[in-house]
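Let me begin by presenting the structure, written as structure tokens, before commenting on it.
By convention in this document, chain letters (A, B, ...) are assigned in the order of the sequence lines, proteins followed by strands, and residues within each chain are numbered from 1.
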2 protein chains.
Amino acid sequence: MVTRTDAPTRREQILKEAARLFAERGFHGVGVDEIGAAVGISGPGLYRHFAGKDAMLAELLVGISGRLLTGAKRRVAEAGGTARPEAVLDSLIEGHIDFALDDRPLITLHDRELDRLRDSDRKLVRQLQRQYVELWVEVVRQVHPGLPEPAARSAVHSVFGLLNSTPHLGRRGSLPGRGATAELLHRMAKGAFAAAGEAAETLAVG
Amino acid sequence: MVTRTDAPTRREQILKEAARLFAERGFHGVGVDEIGAAVGISGPGLYRHFAGKDAMLAELLVGISGRLLTGAKRRVAEAGGTARPEAVLDSLIEGHIDFALDDRPLITLHDRELDRLRDSDRKLVRQLQRQYVELWVEVVRQVHPGLPEPAARSAVHSVFGLLNSTPHLGRRGSLPGRGATAELLHRMAKGAFAAAGEAAETLAVG
DNA sequence: GGAGTGCGTTAACGCTCATTAACACGTCAG
DNA sequence: CTGACGTGTTAATGAGCGTTAACGCACTCC
């Protein structure tokens, strides 16, 4: 875990605020003046840091997908050697939940504004996402060997939907606290996978 | 079940195409000319049928929320009298899955473009959504009595996220067929609720 | 001390796009 | 026959917005 002590650079401030605004009102729904105002400069000043509005979105989405994937790879490598597959899956789930709870705006952007990207960027993001999914699918199939690959892939996407539902959970007041929420999400994800796996096993055995 | 044999009216064509386009590229991402072209008339001709672009979105969102809620109420009334709570929950899940599989574009719109509405419309949609959630929460708590209300509400939102993930499942080719997909989603939803409920019961007993 | 550079500013351009105006043409009641 | 009405059309309007131009002002480094 690398912790930073230095102040966030201007670029980072901009990206953070842009992410929040894009998530709240959509890419087309927020103007450059608004983004500028959110970091204390006005409108066209952003062009000293980014080539354009599109470039901000691109950097956000590529960054998200990349961090998700590298984090998952690291977790598989760390837990994969010694532990049983279920521990690896637990680690993946935990990582995704951390991300969903800590970076809600990015989660929202992730599956909402992908088509606004240039072809090359979109291809890159899609590729990163696909690798992330495949990594999960492998682990899930080790935990639930009976599950055929298409079903496993569907199950993974569905669990992502479950975990990514955090933006819809109450506006930070009604939640039972971060720890409890994470715990609940984790249990539900495991339960969902287990149900999918049991169905396949029942079918295979019966 | 009311089946219609008469041809769809122009208004309905427009709404259907608008829903598809809004879901694909976002409310701001699609122009009125495009919507018109999709039904064979061009641009401003839409204004003979709707007061404006906003009005189409409003009618779509209010319609979705309303149909979801009335459908759920009907299911609770039908299955609620005689059967055990679990059967009611099964019926709710089934209804939501039907909706998610049959009206994918609407599902996408439902939680993506709500803030584009006039205040009054948004309030109405939110109220309908809230009632729908509360109805689920009640049933879930009957099936899993140990589950505290906040946790049950979070669980319901999360299962919605799971069920609404259908737009992300393969582009209609890689899916194992509608029946199998519905079955898988149903099992996973039940599994997720069960896991949430077991956690609470374990806590209460232990 | 002056050229270069980083980071802002405000004003202007140009394009997209929702909406409105003005007009056209069927159908159908009286 | 004829007006009203429903349903289109194309042209014009006007606002919003991303982007670029032109300029200002610290700093820093020879």
Side-chain angles (χ1 to χ4, degrees), chain A residues 6-62 105 109 112-122, chain B residues 6-62 105 109 112-122:
Chain A
D6 51 340
T9 171
R10 195 27 57 105
R11 273 181 71 89
E12 291 170 327
Q13 288 180 45
I14 295 172
L15 282 176
K16 184 180 169 188
E17 295 303 310
R20 184 179 54 80
L21 290 169
F22 289 161
E24 279 175 9
R25 296 206 287 288
F27 180 68
H28 290 291
V30 36
V32 289
D33 290 351
E34 244 171 319
I35 305 176
V39 297
I41 74 182
S42 244
L46 296 171
Y47 286 75
R48 299 292 169 192
H49 305 274
F50 292 93
K53 204 181 154 194
D54 299 341
M56 301 180 208
L57 182 64
E59 188 157 331
L60 282 172
L61 293 187
V62 172
L109 281 187
R112 188 170 298 196
E113 312 279 6
L114 184 56
D115 3 340
R116 252 56 107 201
L117 262 51
R118 306 199 340 260
D119 270 25
S120 63
D121 288 324
R122 186 171 54 249
Chain B
D6 52 339
T9 171
R10 184 54 24 124
R11 273 182 71 89
E12 290 169 328
Q13 290 179 43
I14 295 172
L15 283 177
K16 184 180 168 189
E17 295 302 311
R20 184 178 54 81
L21 290 168
F22 288 161
E24 280 175 9
R25 296 206 288 288
F27 180 69
H28 290 292
V30 36
V32 289
D33 290 352
E34 246 172 316
I35 305 176
V39 297
I41 74 182
S42 244
L46 296 171
Y47 286 75
R48 299 293 171 194
H49 304 274
F50 292 92
K53 202 181 155 194
D54 300 339
M56 302 181 207
L57 182 63
E59 188 156 330
L60 281 173
L61 292 187
V62 173
L109 282 186
R112 190 169 296 197
E113 312 278 6
L114 184 57
D115 2 339
R116 252 59 105 198
L117 261 52
R118 304 197 343 258
D119 270 24
S120 63
D121 287 325
R122 187 171 53 247

Rounded distance in Å - [atom1] ([X]) to [atom2] ([N]):
X	N	atom1	atom2	result
L46(A)	dG6(C)	CG	P	18 Å
F27(A)	dC17(D)	CZ	P	13 Å
Q13(B)	dT7(D)	CD	C1'	13 Å
D33(A)	dT19(D)	CG	C1'	11 Å
M56(B)	dC17(C)	CE	C1'	13 Å
F22(B)	dC17(C)	CZ	C1'	13 Å
D54(A)	dG18(D)	CG	C1'	9 Å
Y47(B)	dT10(D)	OH	C1'	15 Å

When you compare the side chain of [Y] with that of [X], does any pair of heavy atoms fall below 4.5 Å?
X	Y	value
D54(B)	R118(B)	no
L61(B)	D121(B)	no
R112(B)	F27(B)	no
E113(B)	L60(B)	no

Sidechain N-carboxylate O distance under 4.0 Å for E12(A), K16(A): no
Side chain R48(A) and base dG8(C) donor-acceptor under 3.5 Å: yes
Base, sugar-phosphate or nothing for [X]? Non-hydrogen atoms, less than 4.0 Å.
X	answer
V39(A)	nothing
G31(B)	sugar-phosphate
G43(B)	nothing

Presence of H28(B) side-chain N/O under 4.0 Å of dG16(D) phosphate oxygens OP1/OP2: no
Tell me which nucleotide among [options] gets nearest to the side chain of [X].
X	options	result
R10(B)	dT20(C), dG8(D), dT10(C)	dG8(D)
H49(A)	dC7(C), dT9(D), dT9(C)	dC7(C)
K53(A)	dT9(C), dG18(D), dT9(D)	dG18(D)
I41(A)	dT19(D), dT9(C), dG8(D)	dT9(C)
P44(B)	dT19(D), dT9(D), dT20(C)	dT20(C)

